[in-house]
Amino acid sequence: MRLQVIGDPVLHSKSPVLHGAMLSALGLDAAYDARVVRRGELPDYLRWARNHGVAGFNATMPHKEDLLPLLDGIDPAARLTGAVNTVCLREGAWVGFNTDGAGALSALGEVLGFDPAGSTVTLLGAGGAAKAVALALAQAGAERVRVCNRTLKRAGELCARHPRLTPAPFDPDTLERLCRGADLLVNCTSLGMEGCPRQFEGFSFLDALPPHGAVFDLIYHPAETELLAQARRRGLRAMNGLPMLVWQAVLALEHFLNRPLDRGAMAAAASAALEHKPLF
């Protein structure tokens, strides 16, 4: 079996490490590697992959949305999100899935013990990852998910996908107001990422979170962003994006193999591999 991850850039991806560890733990003779595919090259890649024995692939930027019209079938969750990150060749047909949302829910439950049911969530950003996480939280029973974005129109477009999502502007006063009583704050923006020219203007909004509140930053480079450091100083539970990265890979492998796996064992194998491999 041959599997890949495609994107541009993609050679920094940890997917080969994660999937290699899980495939090895399963005792399967399968190869997983990264391949640079630039925007506009997807049709050629799909033909190449079919002719070269690729049984499935993960997709990262800039392909998660561009793949949709090129696939033969799309899982309902991926269609709702409007993006795919996992594509499998099933009986000659390319079928797309999205494991980002489910991976985020698994990470929140396993690491933070967070149950979305009845919760209030403040989520920052409205890009591809934000769509997957916001919709997964709403479908898992979150009572309210407030989506803050600098471009309010884009937040509104995301929130139109589910009645429990509400758009909001991204400014200090709004953040402080929406953090009051929020059970979870999720950062789906690049603020705080290594090399990002823009950062949070301040972190006083964290003071509005209740003592039981949790902070989830999808960024994992650096491993502890200033947002997470500030949250922990305030005694809040906090988690970076690595557990989500692991769990979405576990769920993707289930799609590739088309069978259920011991998810806990797979997550442990993948996590152990990351501990022995530099992130960048």
Side-chain angles (χ1 to χ4, degrees), residues 75-83 85-86 97-149 155-168 170 174-175 177-189 205-206 208-220 225 227-228 231-232 234-252 254-255 260 263-264 267 271:
D75 178 75
R79 187 173 295 281
L80 177 64
T81 303
N85 74 334
T86 302
F97 304 87
N98 192 310
T99 65
D100 284 334
L105 293 181
S106 295
L108 284 167
E110 292 293 327
V111 178
L112 296 182
F114 180 78
D115 181 358
S119 66
T120 297
V121 179
T122 297
L123 185 141
L124 312 180
K131 289 179 186 177
V133 176
L135 288 165
L137 287 165
Q139 290 184 307
E143 188 66 27
R144 291 182 297 171
V145 180
R146 286 85 62 93
V147 178
C148 301
N149 197 60
E157 291 170 351
L158 165 54
C159 294
R161 296 172 182 262
H162 198 286
R164 292 181 181 172
L165 305 184
T166 304
F170 193 138
T174 300
L175 290 186
R177 176 173 58 84
L178 295 185
C179 281
R180 294 193 196 108
D183 303 294
L184 176 69
L185 173 70
V186 185
N187 178 37
C188 300
T189 77
F205 58 87
L206 292 173
L209 287 170
H212 71 270
V215 177
F216 175 24
D217 194 336
L218 270 62
I219 294 169
Y220 55 84
T225 60
L227 175 66
L228 293 178
R232 291 189 174 108
R234 290 165 169 80
L236 300 168
R237 293 172 295 155
M239 176 180 76
N240 70 9
L242 276 179
M244 175 179 167
L245 186 72
V246 167
W247 280 97
Q248 65 83 19
V250 171
L251 299 173
E254 284 194 336
H255 288 307
R263 294 180 179 178
S271 298

Under 3.5 Å donor-acceptor pairs involving side-chain atoms of residues 102-119, not counting sequence neighbours:
residue	atom	partner	partner atom	Å
Ser106	OG	Ala102	O	3.1
Asp115	OD1	Ala117	N	3.1
Ser119	OG	Pro116	O	2.6

Result block: side-chain N/O donor-acceptor pairs under 3.5 angstrom for residues 177-184, not counting sequence neighbours:
residue	atom	partner	partner atom	Å
Asp183	OD1	His212	NE2	2.7
Asp183	OD2	Thr120	N	2.8

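In the model, Asn98 has no side-chain atom that pairs as donor or acceptor with a side-chain atom of Thr81 under 3.5 Å. Between the side chains of Thr99 and Asn85, a donor-acceptor pair is found at a separation under 3.5 Å.
Two residues are said to be in side-chain contact when any heavy atoms from C-beta on lie closer than 4.5 Å; Phe205 and Thr122 fail this criterion. In this structure, Val215 and Leu209 have side chains that are in contact, with non-hydrogen atoms separated by less than 4.5 Å. Side chains of Cys148 and Leu124 form a contact here, defined as non-hydrogen atoms less than 4.5 Å apart. Counting only heavy atoms from C-beta outward, the side chains of Val145 and Arg164 never approach each other to under 4.5 Å.
The salt bridge (Lys or Arg N to Asp or Glu O under 4.0 Å) contacts involving residues 129-142 comprise Glu65-Lys131, where partners must be two or more places apart or lie in separate chains. Evaluation of the salt bridge (Lys or Arg N to Asp or Glu O under 4.0 Å) test over residues 234-252, restricted to residues two or more places apart or in two chains, returns Asp207-Arg234.
With rounding to the nearest 0.5 angstrom, the CZ atom of Arg263 is 4.0 Å from the CD atom of Glu254. The CG atom of Asn187 lies 10.0 Å from the CZ atom of Phe216; values are rounded to the nearest 0.5 Å. Atom CG of Asn240 is separated from atom CG of Leu227 by 11.0 Å, given to the nearest 0.5 angstrom.
Scanning both residues, Trp247 and Ala267, for their nearest heavy atoms gives CZ2-CB, 3.7 Å. Considering all non-hydrogen atoms of both residues, Thr189 and Ile219 come closest at O-CD1, 3.7 Å. In this structure, Asp100 and Met244 approach most closely via the heavy-atom pair O-CE, 3.5 Å. Across Pro211 and Leu236, no two heavy atoms sit closer than the pair O-CD2, 4.0 Å.
Remark: the backbone N or O of Ala136 is not paired with any side-chain donor or acceptor of Gln139 at under 3.5 angstrom.
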_side chain to side chain contact (heavy atoms under 4.5 Å, CB included) between Leu175 and Leu185, worked out_ = CA-CA 10 Å; Leu175 290 186; Leu185 173 70; 5.8 Å; no
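Every residue meeting the ring-ring contact (aromatic ring centres under 6.0 Å, His included) condition with Phe97, not counting sequence neighbours, appears here in chain and number order: His255. Under the ring-ring contact (aromatic ring centres under 6.0 Å, His included) criterion, Phe170 pairs with no residue at all, not counting sequence neighbours.
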